[in-house]
Number of protein chains: 2
Amino acid sequence: MREYRHPQITEVQLESVLYALSDPIRLSIVRQLAREGEASCAALENGRPKSSVSHHFRVLREAGIIKTRNDGTSRINELRDNELAEVFPGLLPAILAVRS
Amino acid sequence: MREYRHPQITEVQLESVLYALSDPIRLSIVRQLAREGEASCAALENGRPKSSVSHHFRVLREAGIIKTRNDGTSRINELRDNELAEVFPGLLPAILAVRS
DNA sequence: TCTATAGTTCGATATAATTCGAACAATAGC
DNA sequence: GCTATTGTTCGAATTATATCGAACTATAGA
């Protein structure tokens, strides 16, 4: 499967990041990635249809919040937390500090 | 005109705050309030139709981000930044620190 | 090659949000 | 009371998002 397009961190929009994280499902995905470091899409499905989950990953990816790489038939996702800290310092930590 | 309903700060949802701030118009309103302390709705209209601006103020108000009080025929808006800092410490500062 | 696994993409439907004009409400000042 | 000023609310049109099944792609392993 082809590689994904990830935006350069410098072209990531604050509005897009806030929008992506305003969805409960996407926020829970991000929280889980923060806890576990990285995870496949399947590990974050939680019984939802794959197509829905795939959509949410795409939103997170295009917003610049996660990075997805291929590993066999799986996609491994991880937060771009260090990069995000460069452009939006303190933002992700402030969000992740909120109790779910 | 009757008073507005403002949510208790403890019942403010992170998702709602992020969503409210993901709109460029609302974000610019919040930035202006952060700079100027408080302002009427008219001062933040920037040529847009009043009904649209009123809508955005309502979203910000119901998300728990601003407080609106009556002053004659005007409504004076201010950020609930101190309260927000109690429940989402560092969030608003991180957002406001981003260059517009 | 055949099959299972892991996701993506498409398409259709449903739901929600935005936008803005028009009508309305409340206050101030004359 | 009349008028101007400020904003709200309503309603309708447009646009955006979410959801999910079905078809598809790509890889791994037997």
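Note that these values count all heavy atoms, side chains included, but never hydrogens, waters or copies made by symmetry. A, B, ... follow the sequence lines: proteins, then strands. Residue 1 opens every chain.
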Expected output: side-chain A:N77 to main-chain A:T68 donor-acceptor under 3.5 Å: no
Spacing between A:R75 atom CZ and D:dA26 atom P, to the nearest angstrom: 10 Å
Upstream residue (5' side of DNA chain D) when B:S54 and A:T73 are each assigned their closest nucleotide: B:S54
Shortest side-chain distance from A:R58, nucleotide among C:dT9, C:dT8, D:dT9: C:dT9
Residue list, side chain to side chain contact (heavy atoms under 4.5 Å, CB included) with A:E86, at least two apart or on another chain: A:I9
Short side-chain N/O contact to C:dG7 OP1/OP2 from A:Y4, under 4.0 Å: no
Salt bridge (charged side-chain N to carboxylate O under 4.0 Å, His left out) partners for A:E15, two or more places apart: none
Distance, rounded to the nearest Å, where A:E15 contributes CD and C:dT18 contributes C1': 16 Å
Contacts of B:E45 that satisfy side chain to side chain donor-acceptor pair (under 3.5 Å) - sequence neighbours left out: none
Length of the line joining A:D71:CG and C:dG7:C1', which is rounded to integer Å: 13 Å
Residues clustered with A:Y19, ILVMFWY side-chain links under 4.5 angstrom: B:Y19
Nearest-Å distance for atom pair CG/P, residues A:N46 and C:dA6: 15 Å
d(CD, B:E45; P, C:dG21) in whole Å: 12 Å
Salt bridge (charged side-chain N to carboxylate O under 4.0 Å, His left out) against B:R48, all qualifying residues, sequence neighbours excluded: none
Nucleotide C:dT8, atom P - distance to CD1 of A:I76 in whole Å: 12 Å
Separation of atom CZ in B:F57 from atom C1' in C:dT18, rounded to whole Å: 16 Å
Gap between atoms CD and C1', on B:E3 and C:dA25 respectively (whole Å): 15 Å
Under 4.0 Å protein heavy-atom contact, by nucleotide of nucleotides 17-22 of chain D - B base, S sugar-phosphate only: SSBBBB
Test side chain to side chain donor-acceptor pair (under 3.5 Å) applied to B:Y4 and B:R58, B:R75, B:E62, the passing residue: B:R75
